[in-house]
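Take a look at the structure below.
Hydrogens, waters and symmetry mates are skipped; everything else that's a heavy atom, side chains included, is used.
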Protein chains: 2
Amino acid sequence: MVSIPVLTLKRLPQYLELLQQFQREGQSHVSATRLAEITGVHVTQVRKDLALTGVVGVPKVGHKTAELIEAIKSFLNWNDSSSCFLVGAGHLGSALLGYQELSRKGLSIVAAFDTDPALSGTTVNGVKIYGLDRFANLCRRLHINIGILTVPSEHAQATAQMMIDNGIVAIWNFTPVHLDVPEGVIVENVDMSASLAVLSHRLAEKLHHETKVERSH
Amino acid sequence: MVSIPVLTLKRLPQYLELLQQFQREGQSHVSATRLAEITGVHVTQVRKDLALTGVVGVPKVGHKTAELIEAIKSFLNWNDSSSCFLVGAGHLGSALLGYQELSRKGLSIVAAFDTDPALSGTTVNGVKIYGLDRFANLCRRLHINIGILTVPSEHAQATAQMMIDNGIVAIWNFTPVHLDVPEGVIVENVDMSASLAVLSHRLAEKLHHETKVERSH
DNA sequence: AATTTATCGATATAAAAGTATCGAATAAGA
DNA sequence: TCTTATTCGATACTTTTATATCGATAAATT
Ligand SMILES: NC(=O)c1ccc[n+]([C@@H]2O[C@H](COP(=O)([O-])OP(=O)(O)OC[C@H]3O[C@@H](n4cnc5c(N)ncnc54)[C@H](O)[C@@H]3O)[C@@H](O)[C@H]2O)c1
Ligand SMILES: NC(=O)c1ccc[n+]([C@@H]2O[C@H](COP(=O)([O-])OP(=O)(O)OC[C@H]3O[C@@H](n4cnc5c(N)ncnc54)[C@H](O)[C@@H]3O)[C@@H](O)[C@H]2O)c1
């Protein structure tokens with residue numbers, strides 16, 4: 001089996017976003033050239049990425065927008081939605097509970113869990129919040145295999161372990177903690193710090209450079 | 001000037017997180033070997049990454065934890081905090097306003113902006129929310145050059161443009177929209193969709209594989 | 001004091017990702 | 001109908017990133 005480059009996987013949602021916009025605008029066809037121009041990704045790269053989803057384009061016209069959207073969605077398994085649990089309904093957790101788009105990306109949060117007794121029993125955006133004591137039972141009964149981790153950093157590892165112990169095999173980790181998990185368990189980190197690091201360094205570089213240029217005049 | 005690999009920049013916060021944990025545990029020294037073991041990054045890679053920050057280690061003992069922390073922070077410019085504005089104080093926006101750690105990563109949100117009149121004048125976690133009409137004036141007066149973008153997708157491009165028009169040169173973009181900006185403006189996307197895409201595909205792959213194995217018995 | 005061991009840091013090799021080139025296909029215009 | 005322009009998709013090439021190797025160095029051990 002050909003393994004898909006991670007970077008391709010990461011670019012696909014970007015194409016998808018654009019394609020959906022094009023579709024709303026009523027454009028029936030889109031060329032790789034066009035996608036490349038807008039995203040800044042090299043044309044050849046776009047072609048390679050799209051090729052992996054199995055679509056074929058026609059010369060001079062490109063790809064059928066609808067077909068391409070379907071291809072990407074089905075490739076990412078974003079067509080039918082997977083149920084998942086969220087643990088840690090704090091600032092970030094409740095933002096995610098209120099994030100409508102998730103369902104369009106194949107993810108449906110069916111329940112949330114929090115240690116805070118004040119939150120227990122409440123509902124955020126239609127999702128009920130339970131105490132942690134309910135986790136094991138519900139998780140096994142509903143055969144949940146995706147967990148969203150938004151607890152404070154110091155509880156990240158223990159919470160991840162609890163998830164795994166109850167059958168969760170994929171963790172979407174929003175904490176900056178590196179999770180130590182058994183082989184076979186998928187951990188995907190949403191690394192805001194990483195992104196901020198790039199921003200900070202780039203900006204510092206830019207400002208520093210500008211100061212130098214100014215001085216030299 | 002040697003340009004720093006993006007991937008190095010993205011790994012640095014991960015090391016930093018670990019180092020700070022080690023420091024709390026009272027470990028005065030850390031070796032690249034150790035960091036490699038925990039993060040899963042190859043030792044040689046860790047060494048190269050650290051080397052870029054200018055630190056030097058000593059054989060057999062590694063690096064001084066405190067020194068390494070300082071080196072990374074100063075390299076990322078996370079020592080002194082930059083002021084920034086946040087636009088779009090909705091679900092995600094207010095989560096970020098409540099995110100204490102930001103200040104430890106060199107970022108200080110000094111004001112937020114939202115079109116919703118109900119939010120105008122309120123305070124979230126000590127940060128005041130203003131109407132958009134106040135943006136231009138405040139932005140210029142305070143010489144803000146970083147903007148956090150958390151408005152609904154359909155307003156992303158226009159809001160980004162407004163930021164740029166008022167002197168913002170770096171945008172931390174949480175929307176899935178590809179922003180079209182003038183040269184010189186830094187855009188850093190926090191791409192949750194990208195991350196989710198990797199998770200979804202990996203999981204689908206894993207589950208599919210397991211089903212196949214089961215069947216073959 | 002000599003030896004072992006763990007680690008560093010430099011250099012070399014390998015793998016992955018990105019970019020360029022080119023022929024083939026197809027629609028639109030001459 | 002023939003030509004031209006545009007796009008596709010395959011292959012070759014380049015650059016970047018990751019991994020392996022190796023000598024040097026400093027602490028710990030004999
Ligand atoms: N807030 C943000 O915008 C943001 C951004 C990036 C990363 N993060 C990360 O996300 C994580 C959560 O951040 P936050 O700002 O939402 O924190 P928070 O304190 O607002 O929310 C954490 C929630 O988890 C609950 N909780 C605590 N221990 C728990 C446990 N063991 N099991 C279940 N629930 C538990 C708390 O009651 C609270 O409701 C942190 O690791 C943070 O670094 C947050
Ligand atoms: N909620 C999440 O967890 C989450 C996760 C990932 C990405 N995002 C992205 O972040 C963006 C915001 O998501 P959200 O869930 O916070 O949405 P939201 O609707 O909860 O919040 C948006 C806020 O922006 C304000 N707003 C609207 N137009 C504005 C304008 N022109 N200028 C200033 N403010 C304006 C609204 O009043 C609202 O308060 C979206 O693009 C979404 O895709 C959200």
Check: Separation of A/Ile4 atom CD1 from C/dA17 atom P, in whole Å?
Finding: 11 Å
Margin query: Going by the rule side chain to side chain donor-acceptor pair (under 3.5 Å), which residues pair with A/Ser200 if we only count those two or more places apart in sequence or in a different chain?
Written below: B/Trp78
Next item on the list: Rounded off to whole Å, could you give me the CD-to-C1' distance for the A/Gln45 and C/dT21 pair?
Entry: 16 Å
Margin query: Holding to salt bridge (Lys or Arg N to Asp or Glu O under 4.0 Å), I want the full list of residues that pass it with A/Arg47, two or more places apart in sequence or in another chain.
Written below: none
Next item on the list: Give every residue pair that meets the side-chain hydrogen bond (donor to acceptor under 3.5 Å, both in side chains) criterion with at least one member in residues 79-105 of chain A, sequence neighbours excluded.
Entry: A/Gln20-A/Arg104, A/Glu101-A/Arg104, A/Lys105-B/Ser193
Next item on the list: Begin from the C-alpha positions of B/Ile146 and B/Phe85 and carry the test side-chain contact (heavy atoms from CB on, under 4.5 Å) through to its verdict.
Entry: CA-CA 7 Å; B/Ile146 303 176; B/Phe85 278 178; over 6 Å; no
Check: Can you find a heavy atom in the side chain of A/Thr175 that is under 4.5 Å from one in the side chain of A/Thr150?
Finding: no
Show the distances under 3.5 angstrom between N or O atoms of the protein and N or O atoms of nucleotides 20-22 of chain D.
| unit_1 | atom_1 | unit_2 | atom_2 | d |
| --- | --- | --- | --- | --- |
| D/dA20 | OP2 | B/His42 | NE2 | 2.7 |
| D/dA20 | N7 | B/Thr44 | OG1 | 3.4 |

Check: Checking all strands, does A/Val56 fall into the base, sugar-phosphate, or nothing category for heavy-atom contacts under 4.0 angstrom?
Finding: sugar-phosphate
Notebook entry, point to check: Under the salt bridge (Lys or Arg N to Asp or Glu O under 4.0 Å) test, which residues partner B/Lys206, sequence neighbours left out?
Noted result: B/Glu210
Item checked: Contact letters for nucleotides 25-30 of chain C, in which S counts primed atoms plus P, OP1 and OP2 and B counts the base, heavy atoms under 4.0 Å -> BBB---
Checklist line | salt bridge (Lys or Arg N to Asp or Glu O under 4.0 Å) partners of B/Arg34, counting only residues at least two apart | finding: none
Next item on the list: Starting at atom CG of B/Leu52, determine the distance to atom P of C/dA10, rounded to an integer number of angstrom.
Entry: 11 Å
Notebook entry, point to check: Taking only residues two or more places apart in sequence or in another chain, which ones pass side chain to side chain donor-acceptor pair (under 3.5 Å) with A/His201?
Noted result: none
Notebook entry, point to check: Taking only residues two or more places apart in sequence or in another chain, which ones pass ring pair (Phe, Tyr, Trp, His ring centres under 6.0 Å) with A/Phe174?
Noted result: A/Trp172
Next item on the list: Round to a whole Å and report the spacing from CG of B/Leu50 to P of C/dG9.
Entry: 9 Å
Next item on the list: Taking ring pair (Phe, Tyr, Trp, His ring centres under 6.0 Å) as the test, write out the residues that go with A/Phe22, two or more places apart.
Entry: none
Item checked: Neighbours of DNA chain D within residues 10-37 of chain B, by heavy-atom distance under 4.0 Å -> B/Arg11
Using distance only, find each side-chain donor-acceptor pair of residues 56-69 of chain A under 3.5 Å and give its atom names and separation, not counting sequence neighbours.
| unit_1 | atom_1 | unit_2 | atom_2 | d |
| --- | --- | --- | --- | --- |
| A/Thr65 | OG1 | A/Gln27 | O | 2.6 |
| A/Thr65 | OG1 | A/Ser28 | O | 2.9 |
| A/Thr65 | OG1 | A/His29 | N | 3.3 |

